[in-house]
4 protein chains.
Amino acid sequence: MRKEETGSPGHVESLVTDPKRVAERRGQILRAAVKLFSEKGYYTTTIQQIAKEAGVSIGLIYQYFGDKDDILFLSLKLVIETYEHEIPPRLEGIEHPVERLCVALWAYCTIIDGLREATVLAYRFTKSLRADRRDLIKEGEFRTNRLLENCVRACIDGGFMRPVNEYMLVYQYVMFCHAWALKHWAFQGRYTPGQYVAEGIRILVEPFLTKKGLAALAALRRRTADFTHE
Amino acid sequence: MRKEETGSPGHVESLVTDPKRVAERRGQILRAAVKLFSEKGYYTTTIQQIAKEAGVSIGLIYQYFGDKDDILFLSLKLVIETYEHEIPPRLEGIEHPVERLCVALWAYCTIIDGLREATVLAYRFTKSLRADRRDLIKEGEFRTNRLLENCVRACIDGGFMRPVNEYMLVYQYVMFCHAWALKHWAFQGRYTPGQYVAEGIRILVEPFLTKKGLAALAALRRRTADFTHE
Amino acid sequence: MRKEETGSPGHVESLVTDPKRVAERRGQILRAAVKLFSEKGYYTTTIQQIAKEAGVSIGLIYQYFGDKDDILFLSLKLVIETYEHEIPPRLEGIEHPVERLCVALWAYCTIIDGLREATVLAYRFTKSLRADRRDLIKEGEFRTNRLLENCVRACIDGGFMRPVNEYMLVYQYVMFCHAWALKHWAFQGRYTPGQYVAEGIRILVEPFLTKKGLAALAALRRRTADFTHE
Amino acid sequence: MRKEETGSPGHVESLVTDPKRVAERRGQILRAAVKLFSEKGYYTTTIQQIAKEAGVSIGLIYQYFGDKDDILFLSLKLVIETYEHEIPPRLEGIEHPVERLCVALWAYCTIIDGLREATVLAYRFTKSLRADRRDLIKEGEFRTNRLLENCVRACIDGGFMRPVNEYMLVYQYVMFCHAWALKHWAFQGRYTPGQYVAEGIRILVEPFLTKKGLAALAALRRRTADFTHE
DNA sequence: AATGAATGAGTGTTCATTCAT
DNA sequence: TATGAATGAACACTCATTCAT
């Protein structure tokens, strides 16, 4: 009679079995949901509105999601996994650790720039998820953090950065990137994303670089003109 | 959907006229509201629950607040003003700019530590306020930021800190303090608030200090044992 | 988040505390519910309709009942307890065991006649209750059966009825009385309740009476003219 | 609310024309429906569940039934006709009227024992049918009753039973048989079907038999050991 | 000033039914 | 014939707000 809390927390049941169709429809509905959740918040967005925005019927939504919590969960998962999946390709082919770190920050900030509202959404409504799912979202964030952590460690190991509290430094980087979304009203108009990252590197990377590291950073800057090539 | 926006955005109507009684009752109700909003979120907390927690009737709440949005607004205002009002007394009598900056960070973090859930609340539900009131909350945050900004400027002006992008640095300080609440699950168990601030100073203050500034910081550390004197 | 299955199965929560008001409002709502459930069945009756029939708002119903199942449960309990409570007063002052048995059957049938639709309701929807509550309803029926059982036993103990399988005989009596409601279309127009009971006594009581018992029955009949004094 | 009542009340439209295929498919679907309706009730069973249980698609069901009411109607008809069709073969070759009556009761009870849940189903949801169809179901029950009536009449006509109110007695027989399903929780564990019928005959048949009738019953009992030969 | 019973618009969700394939 | 994805009206239930006392 009661809805069973079935299986693993990350699993979302669909009444439709064809995986390709499930992926398509879920994508279609999630795009609408992320848009509306971002604009109006989770609780003030109705299923009705999501259906209308996605151009489907109410009933269809319930063929692909178990309940509204499922939609929020997959929305946030989508956002969190975008970070995780889009940063690595941007680092491909880049060898130098300092360069990798700077490009990672740049990549993270630009990805967030494209998902600004959705990033704020994750901050606002992750807590609204069922506890077990909240943890899955946090794990996703953790894996993204690890990408930055690896960059920092490579810098230190290569002698480009002096030993620092990596854990803390990585969290400064994370907060710096997230701030582009969270405090956008404070940076908007003042900085382009490129300038924002350039300033961030000056404050959060440069001070920790060794001579070797600074040389690499200078070279990078010469090539990229401060990431302001938008 | 939204009720007529009457009068000035910050004004909250009360049917009761005696200002002392208004202040008392509102305080009583807001304490309950902040507690519940922090625990369960704004939308999942009901007026019934607030009334019960505050030990008053439902009707009474509507004698002191116009609607639920009023309660949220004054709850967030209460939180934001706590920062603004509690930092300055903690700086009183402290003269040295470097010391003032470090103590300001320390003060901000400990105040947030006492309002951890409420700080997260502000991040989550400021956007749920009517737009004009949202701006008032942001202004409150701005005024708090200015306190840090003044500390940074004094350091630079006194030659204790080399010239940096003040604006960016202050925001990084703000994010650092807020992160103690926002990412508490990541720091909890790893750092005490004192250790957290000490590490923050190492990463976000020390690199920008001049020789003079470093000497001051060393003196401070000798006296305070890294803020770990909890 | 989920509704707690609280306390004893027979308890129905009310948000209103004043017991007198609760009794009044519940009575008002239950009368409407029993009427509609009887006419249209449980599932096809909406809360909306109950509210309208009772002349109250939808919300009010949920101040006095937890959910629709609660309304069904108390409706059926009301019906089942009517039998249990109304038969004993009808037996008051009657001493002779045979007379008590006959009057008990007569009382049960007339009570059912006044609750014909509701009796059918109990047959139809007791199974729709949560299992623990279903058992409570059955217990109520059991207690009513016991009233008849006591009458039969007194007849046997007094030597007015020859030894029989009491348990089975009582169930024949029960089915006989219920049949007045369950098969009303088959008896309607053919028999008045009085005639129905008189025929029932002829078939289900008379054959088991001893000489002493038959004498008592004859005396009773002389006085009551076959229960046809409606 | 109700769909147009088209054509004769007993007619159920099918989009498929081949009668053999219709009979097969309907049987397949009805078996699933009766099972689920019996277990969970009519309203709480969905077409989806019936389709799954029957191993067919949802769409297929609508090729063989007009709507859900059709399925209920044919389900109940199936049950009611089982009684009607299975009793006569069980009486074949039995000549003596008293024996025929007893075997008829025994047959009816054992058939009901095999359809216990379905019998309860008929009691619960016949009223949920459209009125005209409800009458058809009642007619089916009537025809079954007539089988018993014929047995009683033969007993009386043959001088094996003294004159009684046949109509009432037959209904008491019917209720007795139905009670095996309706009050199964009261008899379960106490009696086997055989014992139940034996006790019923003692209470509902024996008292009305003449000397001749009693002799026949005694003979029958000697042969069958009280129907307890399960 | 204070109460809390009463209201009803609005929500998430279900499920009989349809129809393109 | 047979499928099952798609539909949307209808439902149970919630909760901010009102108002008689």
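Numbers restart at 1 for each chain; the letters A, B, ... are given by sequence-line order, proteins then strands.
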Measure the distance from CD on C:Q28 to C1' on E:dA5 and round it to the nearest whole Å.
13 Å
Residues at least two apart in sequence or cross-chain that pass side-chain contact (heavy atoms from CB on, under 4.5 Å) with B:L78, listed by chain then number, are B:L30, B:V34
In whole angstrom, give the distance that lies between atom OH of A:Y43 and atom C1' of F:dT14.
14 Å
Range-with-range stems of DNA chain F (Watson-Crick or G-U pairs under 3.5 Å, three or more in a row):
E:2-21 with F:2-21
Would you be so kind as to tabulate the donor-acceptor pairs closer than 3.5 Å made by side chains of residues 47-60 of chain C, with sequence neighbours excluded?
residue: C:Q49; atom: OE1; partner: C:T46; partner atom: N; Å: 2.9
residue: C:E53; atom: OE2; partner: C:K35; partner atom: NZ; Å: 3.3
residue: C:S57; atom: OG; partner: C:L60; partner atom: N; Å: 3.2

Name all residues meeting the ring-ring contact (aromatic ring centres under 6.0 Å, His included) criterion together with A:F37; count only those two or more places apart in sequence or in a different chain, and write none if there are none.
A:Y42
With rounding to the nearest 0.5 angstrom, report the NZ to OH distance, C:K68 to C:Y43.
8.0 Å
A:Y123: partners by side-chain hydrogen bond (donor to acceptor under 3.5 Å, both in side chains), with sequence neighbours left out:
A:H178, B:K183
side-chain contact (heavy atoms from CB on, under 4.5 Å) against B:R21, all qualifying residues, sequence neighbours excluded
B:V16, B:D18, B:R25, B:Y64
Report the distance from atom CG of D:D69 to atom P of E:dA16, rounded to the nearest whole Å.
12 Å
side-chain hydrogen bond (donor to acceptor under 3.5 Å, both in side chains) partners of D:R124, counting only residues at least two apart:
C:S128
Under a 4.0 Å heavy-atom cutoff, the residues of residues 14-27 of chain D touching DNA chain F are D:V16, D:T17, D:D18, D:R21, D:R25
Test of understanding: with ring-ring contact (aromatic ring centres under 6.0 Å, His included), list the residues that count as partners of B:F65, not counting sequence neighbours.
none
Under the side-chain contact (heavy atoms from CB on, under 4.5 Å) test, which residues partner B:I137, sequence neighbours left out?
B:F73, B:L76, B:K77, B:I80, B:T126, B:L129
Interatomic distance, B:D70 CG vs F:dA16 P [rounded to whole Å]
14 Å
Backbone of A:S38 reached by a side-chain donor or acceptor of B:K127 within 3.5 Å:
yes
Among F:dT17, F:dA2, F:dC13, which is the nearest nucleotide to the side chain of D:L60?
F:dA2
Go nucleotide by nucleotide along DNA chain E from the 5' end; which of D:G59 and C:G59 gets its closest nucleotide reached first?
C:G59
Name every residue in residues 44-57 of chain A that has at least one heavy atom under 4.0 Å from any atom of DNA chain E, in order of residue number, or write none if there are no such residues.
A:T45, A:T46, A:I47
Hey, does A:Y64 reach any base, or is it just sugar-phosphate, or nothing, if we go heavy atoms under 4.0 Å?
sugar-phosphate
What integer distance in Å separates D:L36:CG from E:dA16:P?
12 Å
Counterpart residues, side-chain hydrogen bond (donor to acceptor under 3.5 Å, both in side chains), relative to B:K40 (two or more places apart)
none
Ignoring hydrogens and geometry beyond distance, is the side chain of B:Q63 in donor-acceptor contact with the base of E:dA1 at under 3.5 Å?
no
Take atom CD1 of B:I61 and atom C1' of E:dA1, then tell me their distance rounded to the nearest Å.
15 Å
Which sits closer to the 5' end of DNA chain F, B:Y62 or C:I58, going by the nucleotide each is nearest to?
C:I58
